[in-house]
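This report concerns only the one structure given below.
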Amino acid sequence: MGALANHAFAKMNGIGNEIVVVDLRDSKATVTADEARAVASPAGVPYDQLMVLLPPRLSGTEAFIRIYNNDGSEAGACGNGMRCVVRRLFEKTGQTAVTFETRAGLLNCWQGPGPDLYTVDMGAPKFGWQDIPLAEEFRDTRYIELQVGPIDAPVLHSPSVVSMGNPHAIFWVDDVNAYDLERFGPLLENHPIFPERANITLAHIVDRDHITIRTWERGVGLTKACGSAACATAVAAARLKRANRTVEITLPGGKLAIEWREGDDHVLMTGTADFEYEGRFDPALFANVA
Ligand SMILES: N[C@@H](CCC[C@H](N)C(=O)O)C(=O)O
């Protein structure tokens, strides 16, 4: 019946990004794509990302974290989910700083500059076309040739592309609410230029310190917030010299402070994380899971 039947979970959110946290550090089991989809089924626990803590593989780390989207696919990074994991752990253990391993590498996390704030060092962004990845060579990923809509009057075009451990495309617009992201999101997420699909963000640069975004998440759809998209947008705007390296990003669910640190190039994301409820997964959810 798998690892999750009757297992404890915590339902949380990171500024509206729906997160379920499961701690499997005391178990040898892992979670399959089918189990992740079963959790997201109507009788299950709604989530955008399922954060699964597995036993640490490296000394000095607290856990190896696998991140599932609600379509069962896996992601290398999830900023909002990381803050939820960190809050849960800090409240249980009294720790104020931890290191986790994810598929994208090591992430240092610590108590932010306020009692309800958590900071995640999301690592260094990558800009190479093979790192994002793109299906064909683009020497300059600050803008790539990609558009939707009529050839002579594209609706969205020339996104910046960045990897934050997961692929992001950022389209610069004047009003993030003026576009049908539910229509264009799936087309762009699955565009052949993105062999691993991509998270699609609309971004409006308000001024050098403030950006507003809305994101269609790979493997999920429209979400209230995407932390890695906020990081990718901040970095892409700074790279274009249109914003400072420290900015406030406004998302539908709330705000995040992003700093693209000089020196080591790491991106620091600070924001809140909210606990909603906890429970145990109903074994019936996994009855048909191999
Ligand atoms: N909500 C996340 C990003 C989740 C992963 C994404 N859907 C992907 O597949 O890359 C965040 O807060 O960063």
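For this chain, numbers begin at 1 and follow the sequence in order. Ligands are counted one by one from 1 in listed order, and the atoms in each one are counted from 1 as well.
Salt-bridge formation is not detected for the pair Glu101/Arg66: no Lys NZ or Arg NE/NH1/NH2 atom is positioned less than 4.0 Å from an Asp or Glu carboxylate oxygen.
Using modelled atom types, one finds no donor on one side chain facing an acceptor on the other under 3.5 Å when comparing Thr99 with Thr61.
In this structure a side-chain-to-backbone donor-acceptor pair under 3.5 Å is missing from Arg261 to Ala124.
For atom 4 (C) of ligand 1, the closest heavy atom belonging to the protein is Gln49 NE2, 3.2 Å. The protein non-hydrogen atom at the shortest distance from atom 12 (O) of ligand 1 is Gly227 N, 2.7 Å.
Near Gly79, meaning under 4.0 Å from any of its heavy atoms, are these atoms of ligand 1: 11 (C), 12 (O), 13 (O). Taking every heavy atom of Ala75 and a limit of under 4.0 angstrom, the matching atoms of ligand 1 come to 5 (C), 8 (C), 9 (O), 10 (O). Which parts of ligand 1 touch Asn69 is read off a 4.0 Å heavy-atom cut-off, strictly below it: atoms 5 (C), 6 (C), 7 (N), 8 (C), 9 (O). Near Asn80, the atoms of ligand 1 lying under 4.0 angstrom from a non-hydrogen atom of the residue are 11 (C), 12 (O). Interface of Asn166 with ligand 1, defined as ligand atoms under 4.0 Å from a residue heavy atom, comprises 5 (C), 6 (C), 8 (C), 10 (O).
At a heavy-atom distance under 4.0 Å, no atom of Arg197 approaches ligand 1. The proximity of Asn17 to ligand 1, defined as any non-hydrogen pair under 4.0 Å, is limited to the side chain.
Screening Leu256, Leu117, Ile258 for a side-chain contact (heavy atoms from CB on, under 4.5 Å) with Thr270, the sole residue that qualifies is Leu117.
Remark: Arg87 is not positioned above the aromatic ring of Phe275, lacking an NZ or CZ atom under 6.0 angstrom from the ring centre and at most 45 degrees off the axis.
Between Met164 and Gly123, the shortest heavy-atom contact is CE-O, 4.1 Å.
For the residues Ser228, Cys78, Ala77, the heavy atom positioned nearest atom 5 (C) of ligand 1 is part of Ala77. Proximity annotation for atom 10 (O) of ligand 1: of Leu256, Thr215, Asn199, Asn199 comes nearest, heavy atoms only. Checking Met51, Met269, Arg218, His168 against atom 7 (N) of ligand 1, the nearest heavy atom belongs to Arg218.
Counting Ile, Leu, Val, Met, Phe, Trp and Tyr side chains that sit under 4.5 Å apart, directly or through other members, Ile151 stands alone, with no cluster partners.
Phe286 and Phe281 have perpendicular rings, their planes meeting at more than 60° on a 0 to 90° scale where under 30° would count as parallel.
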